[in-house]
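Scroll down for the structure; my scribbles are underneath it.
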Amino acid sequence: MKKARALTNIPQDEFVLLVFGFINGYKGIDWILKALKNYKNKKVRLVIAGGENPYLKDQPHYQKFYKSIVNEAKKNYNVTLTGFVPDSEIGNYFGASDLVVMPYEVFMAASGPFSLALSYDKPIILSDVLSNYAQSEDFSEALEQAHLKKEDIFFKLTSKSLITLIERAQKSPAYIRDLTHFTHTLAELRSIETVTKRLYSLMTAASLTSPRVENEKSLSLR
């Protein structure tokens, strides 16, 4: 982490929250800036690692939104807005962070930042707008293995709910370990090797209960 902090010019003594990806309205970046605006803990830094969405940057309404994010970030000493992050530097920002935050205001079935958090084994918390993620079998299994409940990883879109989990993460190494255990476990459950084994197991089970196999079993007993 020290090396990653040095490479990204992030102070070594701060607790770093990472919001990653292109600046888009649905990600709740404007929301989290407001939610932390009056937060008094100066040792907590919000790093927004991303820049303009290249597919929207020429649209006037998007430029207005993006400039509002830039201006709001500049007002707060404890907020870092990086601009576009090239692929070669993505690992540095995840490595420099203590906690990945996804303050989404709109549900997205697939999320690049979530997948990256899993790949880098980073602890993560998510807005309850994404609580349907917990309906997947592997997500629930990972929570159970990490001894976590939904309320340990999902926060309501209120300053109080968000800050409660941030302070818990900042003060409790055990909580951070559990969140990290969750992401590590979920990454393993979603690995190609694991998915392949499960698929093979399902296909094998299905073939053993097919009418053809049952008939072959019957003939072999005659």
Side-chain angles (χ1 to χ4, degrees), residues 15-39 41 44-50 53 65 69 72 79 90 93-94 97-192 194-195 198:
F15 188 84
V16 177
L17 311 174
L18 177 67
V19 174
F20 185 85
F22 292 129
I23 308 299
N24 287 314
Y26 67 84
K27 290 184 177 178
I29 296 171
D30 52 341
W31 177 84
I32 196 170
L33 283 169
K34 293 176 183 176
L36 297 177
K37 187 174 183 178
N38 297 315
Y39 188 43
N41 191 333
V44 173
R45 175 168 297 277
L46 172 63
V47 175
I48 303 170
N53 185 320
F65 167 73
I69 297 295
E72 192 62 37
V79 174
I90 291 174
Y93 283 98
F94 276 90
S97 67
D98 292 290
L99 182 66
V100 178
V101 184
M102 290 179 57
Y104 283 34
E105 295 180 284
V106 176
F107 178 79
M108 299 295 290
S111 167
F114 184 69
S115 296
L116 285 168
L118 298 187
S119 67
Y120 286 109
D121 276 353
K122 299 304 295 189
I124 190 170
I125 57 174
L126 311 92
S127 79
D128 62 359
V129 171
L130 301 175
S131 61
N132 281 345
Y133 281 11
Q135 292 183 4
S136 67
E137 184 179 344
D138 55 2
F139 195 105
S140 297
E141 184 177 340
L143 280 179
E144 184 176 350
Q145 288 194 32
H147 306 292
L148 293 170
K149 298 179 181 178
K150 287 177 63 175
E151 55 266 32
D152 296 319
I153 198 168
F154 292 105
F155 58 88
K156 298 177 182 178
L157 285 174
T158 65
S159 296
K160 181 180 179 181
S161 182
L162 171 65
I163 290 171
T164 294
L165 289 190
I166 290 173
E167 290 185 336
R168 182 179 173 189
Q170 189 181 17
K171 296 174 182 177
S172 173
Y175 177 50
I176 285 290
R177 284 196 299 271
D178 289 343
L179 290 176
T180 305
H181 186 184
F182 162 78
T183 52
H184 179 79
T185 301
L186 186 55
E188 286 192 332
L189 291 172
R190 293 187 176 181
S191 69
I192 293 177
T194 301
V195 172
R198 285 189 173 187

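Source: prediction; values computed, not measured. Only this structure's heavy atoms are used, side chains among them; waters, hydrogens and symmetry mates stay out.
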Quiz prompt | Summary of ring pair (Phe, Tyr, Trp, His ring centres under 6.0 Å) pairs that have at least one residue in residues 137-163, sequence neighbours excluded | solution = Phe139-Phe154, Phe139-Phe182

Please report the shortest heavy-atom distance between [X] and [Y], naming the atom on each side.
X: Ala35; Y: Leu162; result: CB-CD2, 4.1 Å
X: Leu130; Y: Met102; result: CD1-CE, 3.7 Å
X: Ser136; Y: Arg190; result: OG-NH2, 3.7 Å
X: Pro103; Y: Val19; result: CD-CG2, 4.2 Å

Going by salt bridge (charged side-chain N to carboxylate O under 4.0 Å, His left out), name the residues that satisfy it together with [X], two or more places apart in sequence or in a different chain.
X: Lys37; value: Glu72
X: Asp178; value: none
X: Asp98; value: Arg5
X: Arg177; value: none

Self-check item: Full working for side-chain contact (heavy atoms from CB on, under 4.5 Å) between Leu36 and Val79
Solution: CA-CA 10 Å; Leu36 297 177; Val79 174; over 6 Å; no

Partners meeting side-chain contact (heavy atoms from CB on, under 4.5 Å) with [X] (sequence neighbours left out):
X: Asn41; result: Tyr39, Lys43, Val44, Gln170
X: Glu105; result: Asp30, Trp31, Leu157
X: Ser140; result: none

If you measure from [atom1] on [X] to [atom2] on [Y], what distance do you get to the nearest 0.5 Å?
X: Phe15; Y: Lys171; atom1: CZ; atom2: NZ; result: 11.5 Å
X: Tyr133; Y: Asp138; atom1: OH; atom2: CG; result: 12.0 Å
X: Ile153; Y: Leu148; atom1: CD1; atom2: CG; result: 6.5 Å
X: Leu189; Y: Gln145; atom1: CG; atom2: CD; result: 6.0 Å
X: Leu165; Y: Leu99; atom1: CG; atom2: CG; result: 8.5 Å
X: Thr183; Y: Glu188; atom1: OG1; atom2: CD; result: 10.5 Å

Quiz item: So which pairs with a foot in residues 151-165 pass side chain to side chain donor-acceptor pair (under 3.5 Å), sequence neighbours left out?
Solution: Asp152-Arg168

Quiz item: Does CD belonging to Glu144 count more than 12 external heavy atoms closer than 6.0 Å?
Solution: no

What donor-acceptor contacts under 3.5 angstrom involve side-chain atoms of residues 108-124, with partners at least two apart or in another chain?
from	atom 1	to	atom 2	distance (Å)
Ser111	OG	Tyr104	OH	3.3
Ser111	OG	Phe114	N	3.3
Ser115	OG	Ser111	O	3.3
Ser119	OG	Leu116	O	2.8
Asp121	OD1	His184	ND1	3.3
Asp121	OD2	His184	ND1	3.0
Lys122	NZ	Phe94	O	3.2
Lys122	NZ	Ser97	O	2.7

Quiz prompt | Set of side-chain hydrogen bond (donor to acceptor under 3.5 Å, both in side chains) partners for Asn24, sequence neighbours left out | solution = Asn53

